[in-house]
Structure formats: structure tokens, C-alpha cells
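Below you'll find the structure, written out as C-alpha cells, and then a few comments.
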Amino acid sequence: MLPLALFALTVTALLVALLLEGAVQELRVARGEVAAARAQAAAGTALADLLASPPDSALLARPRGTSTFNWVAAGAETTSIAVQALGNRLFKVTAGGRAWFGGVRGDAANTGFARIVPDSAMSPGSLRYRRLPGWWWAQLP
């Protein structure tokens, strides 16, 4: 009877250990998904904020292919913006986000295209970003 009881306890302990390992893995996956969602939200917000802000007129004088970079750190999130001149007032905008949650890092990035145009709603000489029609942005893997 004693060997049967020891065998039953061993099997139960093994089962509990396997279930606990599975629960810990699920927790890690969930933390990674939360970190990735926060990073994607930060990247999307950075892209939207850039397009809503008035562009610097010095961007128009930049030669084709040159880029400007900006990084912002706020708590557990870091965002970066890169604006690359493509010529003819057209710019490629890449917004990246990095977020930490529960010791897990999540990264995400969006890229899009915009043109700098005169803003008729503001004072003469003011500029604004205008998204290109159609599929103007995409998430980067």
C-alpha cells in the first residue's frame, strides 16, 4: 500500500509542476502581448502627433535622402520619429515605440508617407503635413 501511495504522490507532484510551468509561460506571453500593445500605441500616437503638428520649414531645404531623428522617453515607453526627405515636398515618416511591462520589452514601428503643403486655414506661409491618399502607412514587422 505504501508504494502505491508514494507513486500517487509523485504523479500528483509531477502534474502540479507541469501545470505551474504552463501557467508561468502563459503569464510571460501575456506580459509580452501587453508590452507589444503599449509599444504599438506609442508608435501610432507618435505618428499621429507628428502629422498633427506644423512642420518645420527647414525640412523643405533638406536634400533628398537626408533624415532627422527625435527620441522621447516617458516612463516605461520610448518613442522615436525619423523624417526622411524624398524630394518634391514628399517625406517618409517612421515612428517607433518601445515599452516595458513586467520585465518584458515590446517593440513596434509604423511608417508612412506625407507631403508638406501650405496650410490655408492658418496664416500665410504656414505649413502642414498632408497624408498621401490610399494606403499611406503600414506597420513594420
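Side chains included, hydrogens not; waters and symmetry mates left out as well; all remaining heavy atoms used.
- Under the 4.5 Å side-chain criterion, counting only non-hydrogen atoms from C-beta, I116 is in contact with L60.
- Here the side chains of R28 and V104 are not in contact, with every heavy-atom distance at 4.5 Å or above.
- Connection of W136 to L140 is not established within any shared hydrophobic cluster, with ILVMFWY side chains joined at heavy-atom distances below 4.5 Å, either directly or through further cluster members.
- Side-chain heavy atoms closer than 4.5 Å link hydrophobic residues (I, L, V, M, F, W, Y) into clusters, and following such links, possibly through other members, connects L90 to L51.
- Between G96 and A43, the shortest heavy-atom contact is C-CB, 3.9 Å.
- R31 pairs in a side-chain contact (heavy atoms from CB on, under 4.5 Å) with only one of the listed residues (L27, V29, V34), which is L27.
- Shortest non-hydrogen contact noted between G97 and A39 is O-CB, 3.5 Å.
- T45 contributes atom OG1, which lies 9.5 Å from atom CD of Q40 (distance to the nearest 0.5 angstrom).
- At least one side-chain heavy atom of L50 sits under 4.5 Å from a side-chain heavy atom of I81.
- Residues F91 and L59 are in side-chain contact: their nearest non-hydrogen atoms beyond the backbone lie under 4.5 Å apart.
- The OG1 atom of T79 lies 7.5 Å from the CG atom of N70; values are rounded to the nearest 0.5 Å.
- Contact annotation: the side chain of E77 never approaches that of R98 to less than 4.5 Å [non-hydrogen atoms, C-beta and beyond].
- When side chains are defined from C-beta on, L6 does not count as touching M1, because their heavy atoms never get closer than 4.5 Å.
- Residues R128 and R130 meet the side-chain proximity criterion, which asks for heavy atoms closer than 4.5 Å.
- Q84 has its side chain out of reach of V93: every pair of non-hydrogen atoms, C-beta onward, lies at least 4.5 Å apart.
- Few gaps surround CZ on R115; more than 12 heavy atoms of other groups in view lie less than 6.0 Å from it.
- The two residues A114 and Y129 have their closest heavy-atom pair at CB-CD2, 4.2 Å.
- How far OG1 of T10 is from CG of L15: 12.5 Å, rounded to the nearest 0.5 Å.
- Linking Ile, Leu, Val, Met, Phe, Trp and Tyr residues whenever their side-chain heavy atoms come within less than 4.5 Å places W137 and L86 in a single cluster.
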Criterion side chain to side chain contact (heavy atoms under 4.5 Å, CB included) on T78 and V72, from CA distance to verdict: CA-CA 6 Å; T78 304; V72 177; over 6 Å; no
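- Between the T66 side chain and the R62 main chain, no donor and acceptor come within less than 3.5 Å of each other.
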Stepwise side chain to side chain contact (heavy atoms under 4.5 Å, CB included) test for L127 and D119: CA-CA 5 Å; L127 302 171; D119 190 358; 5.9 Å; no
